[in-house]
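Since this is a predicted model, take the numbers as computed values, not measurements.
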Amino acid sequence: MQSGVSEEFRVNAPAVPHGVAEIVEMLVDRAKIDRHGAYWPLGANYRQANAASFDMSLGFGSPGIVLTLLEYYRQTQDAEIAELIQKSVAWISRRADKAPLQHGFYAGTAGLWYLFREADLLFPGISDGWMQRARTLLAEKPQGDRPSNLTTGVAGTLVGALGFLDLSPDEEVAFLDPLLDQLVAGTKLLTEGVFWDFNPSSLRPPVSFVQGNAGVEYCLAYVRSRLRRSYSSLLLGSFGYAESLFDEKSGNWPDQDAVCQLKQLKQGEVEKQILKGRVEKYFGSVQAEDSINWGTGALGILLSRALLSDSYADEPVGLKAHADWERAVRRLSRTSEQDFAKLDSSLLYGVGGFAIGLDSCRSLLPDSEGVGLQPVLEQARTVLAERKPVVEGDDMSLLSGVAGLAYAKLRMTSDEARPTCLHPLAAMSVGQESDRAVEGSLDPMLVRRLPASMSVPAVREALATTPVSLRAVGAAVTSRLLKKSEIG
């Protein structure tokens with residue numbers, strides 16, 4: 001095995017955004033070559049318990065770095081980078097052929113389907129056979145308790161299957177129905193509503209996009225339009241839990257992952273101590289944060305609510321989603337210099353993801369709402385353009401590392417209207433099949449304990465009764481939704 005690559009892979013420096021050539025040079029320098037191809041070792045933060053799956057993940061391993069190099073190649077047509085991409089895809093494909101299904105999009109097998117589709121667009125046949133392999137994995141129907149979130153859970157697998165596998169109607173029933181059953185089975189009940197996953201280092205179950213409720217909601221928006229399955233009760237329960245967390249002072253849903261504070265406390269060490277039961281010091285010193293980022297903040301919630309507003313238009317879920325995205329827009333339109341200063345350079349928590357995500361959300365909103373976010377988007381473009389690459393803990397990855405900064409700079413200067421990895425299903429329409437949707441099946445016990453759907457007039461009445469405060473609007477709707485259900 002070689003460390004780095006030979007001089008044949010030296011990066012030419014064409015007219016790409018400031019800092020991108022420097023990052024690509026770093027990626028080339030740190031590539032490892034073996035007889036199977038090229039790859040990148042995991043960053044220090046991911047080398048322990050998650051190494052078996054993370055090194056093959058879009059978010060944190062070699063596949064995400066290849067995605068960045070694909071974006072670089074789109075703008076430069078650099079033949080030497082093309083050769084490195086082909087070596088890397090060969091390495092990934094060989095590993096993927098022998099690996100079992102790992103649920104999740106950003107840290108699971110489904111992210112590879114997205115990568116292979118993107119690679120095939122530029123290099124037809126580069127990863128031949130991947131789609132049939134994906135069908136084989138789905139046909140195995142793995143059982144047992146599974147996470148539900150986008151990153152490591154069933155929702156992420158559903159997103160990948162819906163978006164990138166070209167399934168026939170019969171295959172959708174055979175492959176995706178069992179996944180939906182697993183997603184529903186993973187629903188957890190609280191007095192305030194429902195949630196799906198709860199990480200050891202989270203203060204409470206998160207309602208965010210990458211690890212929390214908003215990511216599952218994103219998945220269910222497309223399940224509604226593509227599979228014509230409605231999960232209104234689950235979504236209303238999810239809204240109810242999010243409502244219980246909403247903070248009127250900040251106008252936001254507090255970030256239960258407390259990203260800024262956790263980074264200062266060194267996340268890996270915190271998680272070790274929590275798993276050992278030593279939680280008092282951690283929970284006593286950390287508070288939920290007013291985050292605006294894509295991964296754990298208001299931006300990811302805006303993305304899910306905007307899609308649900310379309311896919312459940314003029315229904316109780318759609319009306320409540322609409323009220324929530326108005327809240328999110330209000331918070332994001334107040335983005336300050338201090339808010340930008342808290343954003344690192346990553347896609348997950350930083351300005352890279354904020355710029356791309358805000359651009360995606362703006363296109364989903366009516367012009368009257370999207371125009372209010374335009375000044376914030378322009379400021380995000382400026383901040384992103386000025387950011388210099390800083391490598392922390394050898395993290396070269398897409399979501400949390402330096403590759404993500406290059407990806408964001410390249411995508412924000414591209415004229416192509418292609419989906420990004422932060423909104424991978426953007427090319428799919430939502431809402432077109434709403435009139436044909438049927439309510440998805442739930443366990444009878446779950447049905448009895450979830451909020452009953454309100455009629456559309458009742459929701460509109462609740463939204464109209466307290467026009468002064470968005471907090472009051474949401475509270476009115478949620479109280480009506482939960483009145484018939486004594487959960488606990």
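Looking at L158 and Y222, their side chains never come closer than 4.5 Å, going by heavy atoms from C-beta outward. Using a 4.5 Å heavy-atom cutoff, the side chains of L162 and L227 are in contact. The closest side-chain heavy-atom distance from F164 to M131 is not below 4.5 Å. Side-chain contact check for D97 versus R94: every heavy-atom pair is 4.5 Å or farther apart. Between L299 and F354 the shortest side-chain heavy-atom distance falls below 4.5 Å.
We find the CG-CG distance between L84 and L27 to be 9.0 Å, quoted to the nearest 0.5 Å. In this structure, the separation between CD on E289 and CD on Q256 is 10.0 Å, given to the nearest 0.5 Å. Within the model, atoms CH2 of W91 and CE of M56 stand 6.0 Å from one another, a figure rounded to the nearest 0.5 Å. Atoms CG and CD1, from D255 and I301 in turn, are 9.0 Å apart once rounded to the nearest 0.5 Å. One finds the CG atom of L399 at 8.0 Å from the OG atom of S57 (value rounded to the nearest 0.5 Å).
Here salt bridge (charged side-chain N to carboxylate O under 4.0 Å, His left out) pairs that include residues 292-304, with residues two or more places apart or in two chains, number zero. Applying the salt bridge (charged side-chain N to carboxylate O under 4.0 Å, His left out) test to residues at least two apart or on different chains, the pairs with a partner in residues 121-136 are R135-E171.
For E118, the side-chain hydrogen bond (donor to acceptor under 3.5 Å, both in side chains) partners at least two apart in sequence or on another chain are R418. Partners of F175 under the ring pair (Phe, Tyr, Trp, His ring centres under 6.0 Å) rule, at least two apart in sequence or in another chain, do not exist in this structure. Take Y114 and apply the side-chain hydrogen bond (donor to acceptor under 3.5 Å, both in side chains) test, not counting sequence neighbours, and it matches no residue. The ring pair (Phe, Tyr, Trp, His ring centres under 6.0 Å) search around W325 returns H322, not counting sequence neighbours. Evaluation of the side-chain hydrogen bond (donor to acceptor under 3.5 Å, both in side chains) rule for T157 yields H103 as partners, not counting sequence neighbours. Partners of W40 by ring pair (Phe, Tyr, Trp, His ring centres under 6.0 Å), not counting sequence neighbours: none found. Annotation: salt bridge (charged side-chain N to carboxylate O under 4.0 Å, His left out) contacts of D170 (sequence neighbours excluded): none. Checked against salt bridge (charged side-chain N to carboxylate O under 4.0 Å, His left out), D120 has no partners two or more places apart in sequence or in another chain. Shown here are the side-chain hydrogen bond (donor to acceptor under 3.5 Å, both in side chains) partners of W113, two or more places apart in sequence or in another chain: there are none.
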**Evaluation steps, side chain to side chain contact (heavy atoms under 4.5 Å, CB included), between I85 and L122** = CA-CA 11 Å; I85 289 171; L122 289 177; over 6 Å; no
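Tested against L398 for a side-chain contact (heavy atoms from CB on, under 4.5 Å), the candidates L348, L67, I65 yield a single pass: L67.
Looking only at distances, no side-chain donor or acceptor of S309 sits under 3.5 Å from a matching main-chain atom of R305. Using modelled atom types, one side-chain atom of T109 and one backbone atom of Q102 make a donor-acceptor pair closer than 3.5 Å. A side-chain donor-acceptor contact under 3.5 Å links R411 to the backbone of P419. The closest donor-acceptor contact from the side chain of S93 to the backbone of V89 lies under 3.5 Å. Using a distance-only test at 3.5 Å, with no hydrogens or angles considered, a donor-acceptor pair links the side chain of T68 to the main chain of A403. At distances below 3.5 Å, at least one donor-acceptor pair connects side-chain atoms of R228 with backbone N or O atoms of R226. Using a distance-only test at 3.5 Å, with no hydrogens or angles considered, no donor-acceptor pair links the side chain of Y106 to the main chain of G156.
Taking a cutoff of 4.0 Å between a charged side-chain nitrogen and a carboxylate oxygen, R331 and D247 do not qualify as a salt bridge. R224 and E315 are joined by a salt bridge, as a carboxylate oxygen and a charged side-chain nitrogen come within less than 4.0 angstrom of each other. Between R362 and D359 a salt bridge is recorded (basic side-chain N to carboxylate O distance below 4.0 Å). Checked for salt-bridge contact, D55 and R95 meet the test: a charged N lies under 4.0 Å from a carboxylate O.
A donor and an acceptor atom, one from each side chain of E217 and S304, are located under 3.5 Å apart.
The nearest pair of heavy atoms linking G404 to L347 is O-CD2, 3.5 Å.
Residues F123 and Y73 bring their aromatic ring centres within 6.0 Å.
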For residues 205-215, dump all side-chain donor-acceptor pairs below 3.5 Å to protein atoms at least two apart in sequence or in another chain.
residue, atom, partner, partner atom, Å
Q211, OE1, N149, ND2, 3.3
N213, ND2, V194, O, 3.0
N213, ND2, S238, OG, 3.0

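In this pair, F116 and W130 present their aromatic rings tilted. The plane angle is within the 30 to 60° band.
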